[in-house]
Every structure is written in C-alpha cells, then in structure tokens.
Amino acid sequence: MNKKKLLGIVASYRKSGNGEIVVKSVAERLGDGWELSLINLPRLRIDPCKGCYVCLLPGKKCMIKDDVEWILDRFLETDAIIFTAPDYILGPVAIVKMLADRALQTYGLLGELAKKKTAVALTLGREDYRGYADTALVAQVHALGLNVMSLEYFYGTHPGEVVLAEDYVEKIAALAESLESDTFEHEVPPNRCPQCFSYLFRMRDGFCECAICRSKAKLEERSLRFVEFGSQFTDEGRREHGEWLVMKKLEYSKIKDKLKVIQDRYRGGRWLKPERGSD
Ligand SMILES: Cc1cc2nc3c(=O)[nH]c(=O)nc-3n(C[C@H](O)[C@H](O)[C@H](O)COP(=O)(O)O)c2cc1C
C-alpha cells in the first residue's frame, strides 16, 4: 500500500518534549495509512534573512547556504504537515520566526505549498501567559505558504505533561481529522478571526480590526460579528503582495544612487563586539 506522508515539525529543543509527543500522537491517530517523518528545527541551521530580496526574482535563489531550502523541499514532498512549537515568553519559540523570516523565497512555490494541509499545535505552560503565541504561530506558518487547517493548544510544563489533560485525545483527533478529511471545516471559537485564527484586534474607524489579516468586526452584545474579510490571508492577497515586493526590488536599481547618498551620510559608527579568545 502506498502510504501518505506526514511531516512533523518540532520547534522545541527538548527531546521527547510535548510538541514531539503531539506530533507522534497525531501520526498514531492517522493510523497505518500514513508514514511520519520528523524535523527538529533547533537542530538545523537557519540563518538570518539578509534582506537582499534576490530570491523574489525569477530564476534566482536565496544566496544563504543553510538548511532552509532543504526544509522547503521536505514541505514540497509531503502530503500533510503537523507543525508544533512551544510558547516561549508569550510568543512562539524564536526558531519559527527565523524560518518564517526566510519566507520570501517561497513566493515561487506558493501554488504547491498551498496544497499542503497543515495542523498547528502550540504547547504552553499556562493560559494566562499565552500572550500572542497562538496568533503569531499561525501567521508565521501561513507565511511559509502552508495551508493552515487547524490550531490546538496543549497545556503542560514538564515534557509529557500535555498527555495528562482530559481533552488530549479529543484535540489530537481534531488535528488528525483536519489533515485527513476532505470536508473538514475548522470551527473557529467565538471572538477569534475566522480567517486567520487571530485573537488580536485593534480599534480602527469604529471596527475591531484583526491585527493579522485586517478582517473587520463589530462588537455586538459582547461578541464579534465579522463584516468584512481582509485579503492578507487569501491566495490572491499573497500573490498581490508578492507582485508588490518584486516591484519594490526592481525599483531599487532606479533609485539606488539617491539612496546611496543617504546611506553614506550614516555609514560607520562605533560598533561593539564581544572579544573572542583564541582557544
Ligand atoms: C524559556 C521558556 C519560556 C517559556 N515561556 C512561556 C510563556 O510565556 N507562556 C507559557 O504559557 N509557557 C511558557 N513556557 C512553557 C512551555 O511553553 C511549555 O513547557 C511547553 O509545554 C514546552 O513544550 P515542549 O516540551 O514541546 O518544549 C516557557 C518555557 C521556557 C523554557
């Protein structure tokens, strides 16, 4: 039998930590028809984006020689993804943002990556310290071009503790179903953006505006009624932004002499660096 491929992304450095256990539980739940492969992000090399925009140009690739292209190739060859990350200091652990910051190179792959159903799981110690972690985690996974189907939280401080929760099996089943079923529709809890799962809103022009995708809602009887959806989280929105970025990249050659005059005025400075011993 040809098995379907499930890719488990673990953003925690911990071995047999909560995220890894969630990934393996989802794979178990999906059953024998699926084969799980795992990637541990902190054990790979993910360098900072250099901000050169070269990867946006047709036929060009990111010039950084690290493991990011390899990770994207693994995304491309899988059928579905379970992406887990721990909450560190109110946000998703930083390695996820390091990877997401390299996402401009995915613009050429958007059609393919959008086919990859992705379940997202945040592991965290306490609800009171969830912060912006869940909202940011979905936004960062989406930035990589992946099709986010579902989001669950798993509470636990110690490695393995998440399994002790009463609703553990139910949540694992929901994540698995979101990857497996062709008719799955995520049930977004009230007051969460139905388009991008965000819990973060700002007041703008009398509306509550989603901080991530700019969908607009009215506050009615203590709950949000969505009246308009922003394009930032749609395929069309992604394409439009990609085109805008290419336009900005091409504009640079026309105005770079003018910008150089500005830069030259601010070059140099007394930059501090730690001294490194020779041993
Ligand atoms: C440095 C550090 C910061 C943390 N910050 C938070 C936090 O802000 N909010 C929270 O709910 N849990 C926080 N936690 C707890 C972890 O999110 C929690 O233990 C999680 O289950 C770890 O998942 P893992 O076993 O997959 O690494 C933090 C843990 C560490 C080590």
Side-chain angles (χ1 to χ4, degrees), residues 6-30 34 36-46 48 67-68 71 74-75 78 80-101 117-144 146 148-176 178-179 188-189 191-193 196-202 211-212:
L6 176 67
L7 178 64
I9 302 291
V10 178
S12 169
Y13 194 79
R14 273 176 168 176
K15 284 194 173 148
S16 302
N18 290 318
E20 182 178 333
I21 290 169
V22 166
V23 163
K24 290 178 178 171
S25 302
V26 170
E28 262 173 23
R29 174 79 194 199
L30 285 169
W34 291 74
L36 174 67
S37 304
L38 296 142
I39 290 181
N40 183 275
L41 293 182
R43 287 183 169 74
L44 298 182
R45 191 173 144 201
I46 300 174
D67 294 327
V68 171
I71 296 171
R74 301 292 77 73
F75 287 174
T78 195
I81 298 172
I82 162 80
F83 200 119
T84 67
D87 188 330
Y88 272 17
I89 318 298
L90 306 173
V93 68
I95 195 80
V96 182
K97 183 68 162 62
M98 291 289 286
L99 179 60
D101 284 357
K117 285 186 179 180
T118 304
V120 174
L122 177 75
T123 55
L124 72 167
R126 306 176 63 178
E127 172 57 21
D128 290 351
Y129 286 79
R130 174 157 50 89
Y132 61 93
D134 51 331
T135 297
L137 180 58
V138 173
Q140 290 165 15
V141 173
H142 178 267
L144 290 164
L146 301 172
V148 178
M149 302 298 294
S150 52
L151 165 70
E152 293 289 350
Y153 314 141
F154 294 89
Y155 296 93
T157 302
H158 315 295
E161 196 183 341
V162 286
V163 179
L164 303 178
E166 267 179 21
D167 56 1
Y168 183 72
V169 173
E170 197 184 309
K171 287 179 175 178
I172 293 293
L175 291 175
S178 76
L179 298 179
V188 178
N191 299 334
R192 187 182 267 284
C193 174
C196 72
F197 298 83
S198 160
Y199 257 143
L200 301 183
F201 297 88
R202 55 190 157 220
I212 303 297

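Atoms within a ligand are numbered from 1 in the order they appear, just like the ligands themselves.
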Checklist entry - Are Glu20 and Lys24 ion-paired here, with the side-chain N under 4.0 Å from a carboxylate O? => result yes
Checklist entry - Which residue owns the protein heavy atom closest to atom 8 (O) of ligand 1, what's the atom, and how far is it? => result Leu90 N, 2.8 Å
Checklist entry - Are any of the N or O atoms of Arg126 closer than 3.5 Å to those of ligand 1? => result yes
Next on the checklist: Would the distance check show the side chain of Asn18 and the main-chain N or O of His158 forming a donor-acceptor pair, the cut-off being under 3.5 Å?
Outcome noted: yes
Checklist entry - Who's the nearest protein heavy-atom neighbour of atom 26 (O) of ligand 1, and how far? => result Gly19 N, 2.8 Å
Checklist entry - Does Gly156 have a heavy atom less than 4.0 Å from any atom of ligand 1? => result yes
Checklist entry - Considering only protein heavy atoms, which is closest to atom 30 (C) of ligand 1, and at what distance to one decimal place? => result Tyr88 CE1, 3.4 Å
Checklist entry - Any side-chain donor-acceptor pair under 3.5 Å between Asp134 and Tyr153? => result yes
Checklist entry - Atoms of ligand 1 less than 4.0 Å from Ile89 heavy atoms? => result 3 (C), 4 (C), 5 (N), 6 (C), 7 (C), 8 (O)
Checklist entry - Among protein heavy atoms, which lies nearest atom 19 (O) of ligand 1, and at what distance? => result Thr157 O, 3.0 Å
Next on the checklist: Is it true that, when you exclude Glu127 itself, more than 12 heavy atoms of the residues, nucleotides or ligands shown sit nearer than 6.0 Å to its CD?
Outcome noted: yes
Next on the checklist: Check this for me: Lys171, atom NZ, are more than 12 non-hydrogen atoms of other residues, nucleotides or ligands nearer than 6.0 Å?
Outcome noted: yes
Checklist entry - Any idea which heavy atoms bring Pro42 and Val10 closest together, and the distance? => result CD-O, 3.7 Å
Next on the checklist: Here's one to test your reading of the geometry: is the NZ or CZ of Arg126 within 45 degrees of the ring axis of Tyr155 and under 6.0 Å from its centre?
Outcome noted: no
Item to check | From Thr123, Thr84, Val163, residue fulfilling side chain to side chain contact (heavy atoms under 4.5 Å, CB included) relative to Ile21 | outcome: Val163
Next on the checklist: For atom 23 (O) of ligand 1, what is the closest protein heavy atom, and at what distance to 0.1 Å?
Outcome noted: Thr123 OG1, 2.9 Å
Checklist entry - Considering only protein heavy atoms, which is closest to atom 27 (O) of ligand 1, and at what distance to one decimal place? => result Ser12 OG, 2.5 Å
Checklist outcome for this item: Among non-hydrogen protein atoms, atom 16 (C) of ligand 1 lies closest to Asp87 O, 3.6 Å
Checklist entry - In the protein, what heavy atom is nearest to atom 12 (N) of ligand 1, and what distance, to one decimal place, separates them? => result Gly125 N, 3.0 Å
Checklist entry - Backbone or side chain, does any N or O of Glu20 fall under 3.5 Å from an N or O of ligand 1? => result no
